[in-house]
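Chain naming here is simple, since letters A, B, ... match the order of the sequence lines and numbering starts at 1 in each. All figures in this text were calculated on a predicted structure; none of them were measured in a lab.
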There are 2 protein chains.
Amino acid sequence: MSDYQPLTRKQQEIYQFLVEHYQHRNTPPTLDEICSALGLKSRGSLHKHIQHLVDAKLVEPSNRKQRGIRLTTTKNTPIIKDSTNNAIPYLGKIAAGQPLEAVANYSKITIPTQLKTENECYVLQVTGDSMIDLGIFNNDWVIIEKRNYAKNGDIIVALVNNNEVTLKIIEQTPSKTILKPANKEMQPMHFDPDNVQIQGILVGQMRSYIH
Amino acid sequence: MSDYQPLTRKQQEIYQFLVEHYQHRNTPPTLDEICSALGLKSRGSLHKHIQHLVDAKLVEPSNRKQRGIRLTTTKNTPIIKDSTNNAIPYLGKIAAGQPLEAVANYSKITIPTQLKTENECYVLQVTGDSMIDLGIFNNDWVIIEKRNYAKNGDIIVALVNNNEVTLKIIEQTPSKTILKPANKEMQPMHFDPDNVQIQGILVGQMRSYIH
DNA sequence: AAACCTTGTTCTCTATTTGTTCTTGTTATA
DNA sequence: TATAACAAGAACAAATAGAGAACAAGGTTT
């Protein structure tokens, strides 16, 4: 697939820095910022290291964009466990017709530890009434644990037909994937398993009554 | 559909300013006000940044309207800085048959700023199904703003007959206080106003799906 | 209604920041 | 010794940011 060049020490150090930076800030660093953080004096040399990370598919190629040093998503991005910090990304509205990966810049929301798991979580806002029978209303927030599998009966966030994100109850058989709304007036929808990509499962829900 | 250009540093700074301004003032700022707040000297350059925010659908297009720089979403404005101290007391379970004042020592729960008001708030856990038609289930948490008055239709926490705490919809007339559950199978209850003491009104709700 | 001020918009020009590509030299390691 | 890893810095180009002038539409005062 790809010629895996193992990372050198320095490259690891830089990658580590990027991961940590990514956890705390929502803008990527500049080369100069990385330099001063790591005690380097030359952007040029740093850039060569970054280039290796790009080749290793750990960093997105940032074509001259300023602050374009961003980690590649979806992969095995190591998560630094920081139990004191329970601010997690708010990625916008569900059913917005966009794959979640597309969300470029986000803000963070602090949530109670009771509403999240140990794993990577994010927040979405619900649009629509498809889950009202389970007490999830329009404009509620939901906390989602990021993962790509679920068991039957779980409430999941799924990317359907590669163009729509939706919150439903999942029922999987080898030949079919059924997404069931929790709303008496709506019908379950049947899909080819290939057309449903699980993006996370529901772990929490919140609602504001402030007007 | 939409080519998400990530925000540049300056654009983020401006957006952040708008969010904070929005939370404290009730009129949008003028370009000049933003300029002097951020130390800029040219409306023109600022305007270009604002234009990017409009393209990113973060700011409404303000067609020459004065003070027309308003954020796109009203309720769901992402909070960028959420580092304030929002740990509030957890006072135990509702309907526990004890006036809340009696709770001596309590733990604190961190909640998102979106779920609380500026005033004193606390958290209770719901016992029972009296509010399920409004999506408040058994074992949900509710965030309550502490106060002793409410208007008709508010969802409130009340101490009834000096021995029971309950979460209901309130309806007040000079001669009667009616507490209505949100559950088709339960009946409203009528009280002498003297026997119902309002302890707070509902401002937020949370639910955990982790088991 | 007219005169006036405020404020959003558009434009041009310039400055600064920052990613990229070099060349050169040093240090570590097999 | 040979090779890879690393560092520094110069030079360049694109992206980003800023200043200021001129204009037009909105509001306000007279």
- Message: Heavy atoms from C-beta onward define the side chain here; which of D:dA17, D:dC6, C:dT9 lies closest to that of B:Arg64?
- Response: C:dT9
- Message: Between B:His47 and C:dG8, is there a contact of a side-chain N or O with OP1 or OP2 at under 4.0 Å?
- Response: no
- Task: Go through the N and O atoms of the side chain of A:Ser45 and the base of D:dA8, and report whether any donor-acceptor pair is under 3.5 Å.
- Result: yes
- Carboxylate-amine/guanidinium contact B:Glu33 B:Arg67, below 4.0 Å: yes
- Taking only side-chain nitrogens and oxygens of B:Arg9, does any of them come within less than 4.0 Å of OP1 or OP2 of C:dT18? yes
- Name the nucleic acid region contacted by B:Leu40, choosing base, sugar-phosphate or nothing; use a 4.0 angstrom heavy-atom cut-off, strictly under. sugar-phosphate
- Heavy-atom pair with the smallest gap, counting every atom of B:Ile14 and B:Leu38: CG1-CD1, 3.7 Å
- Query: In whole angstrom, what separates A:Gln51's CD from D:dA5's P?
  - Reply: 15 Å
- Task: Could you tell me whether A:Lys184 and A:Asp133 make a salt bridge, using a distance below 4.0 angstrom between a side-chain N and a carboxylate O?
- Result: yes
- Item | Interatomic distance, A:Lys48 NZ vs D:dG9 C1' [rounded to whole Å] | 13 Å
- B:Thr30 side chain N/O closer than 4.0 Å to the phosphate oxygens (OP1, OP2) of C:dT6? no
- In whole angstroms, how far is the C1' atom of D:dG18 from the NE2 atom of B:His52? 14 Å
- Item | Whole angstrom value for the distance that separates P of D:dA14 from CD of A:Gln66 | 13 Å
- Message: Within the 3.5 Å criterion, strictly below it, is a donor on B:Thr177 or B:Gln172 matched to an acceptor on the partner's side chain?
- Response: no
- B:Arg207 side chain to B:Gly135 main-chain N or O, any donor-acceptor pair under 3.5 Å? yes
- Message: Check this for me: does the side-chain of A:Ser42 come within 3.5 Å of the base of D:dG9 through a donor and an acceptor?
- Response: yes
- Item | Length of the line joining A:Gln12:CD and D:dA5:C1', which is rounded to integer Å | 14 Å
- Message: Using whole Å, what does the distance between atom C1' of nucleotide C:dT20 and atom CD1 of A:Ile69 come to?
- Response: 11 Å
- Message: Mind checking if A:Arg43 touches a base, just sugar-phosphate, or nothing, with heavy atoms under 4.0 Å?
- Response: base
- Item | Atom-pair distance (NZ on A:Lys10; P on C:dT29), nearest Å | 14 Å
- Query: Atom CG of A:Leu38 to atom C1' of D:dA7: distance rounded to whole Å?
  - Reply: 13 Å
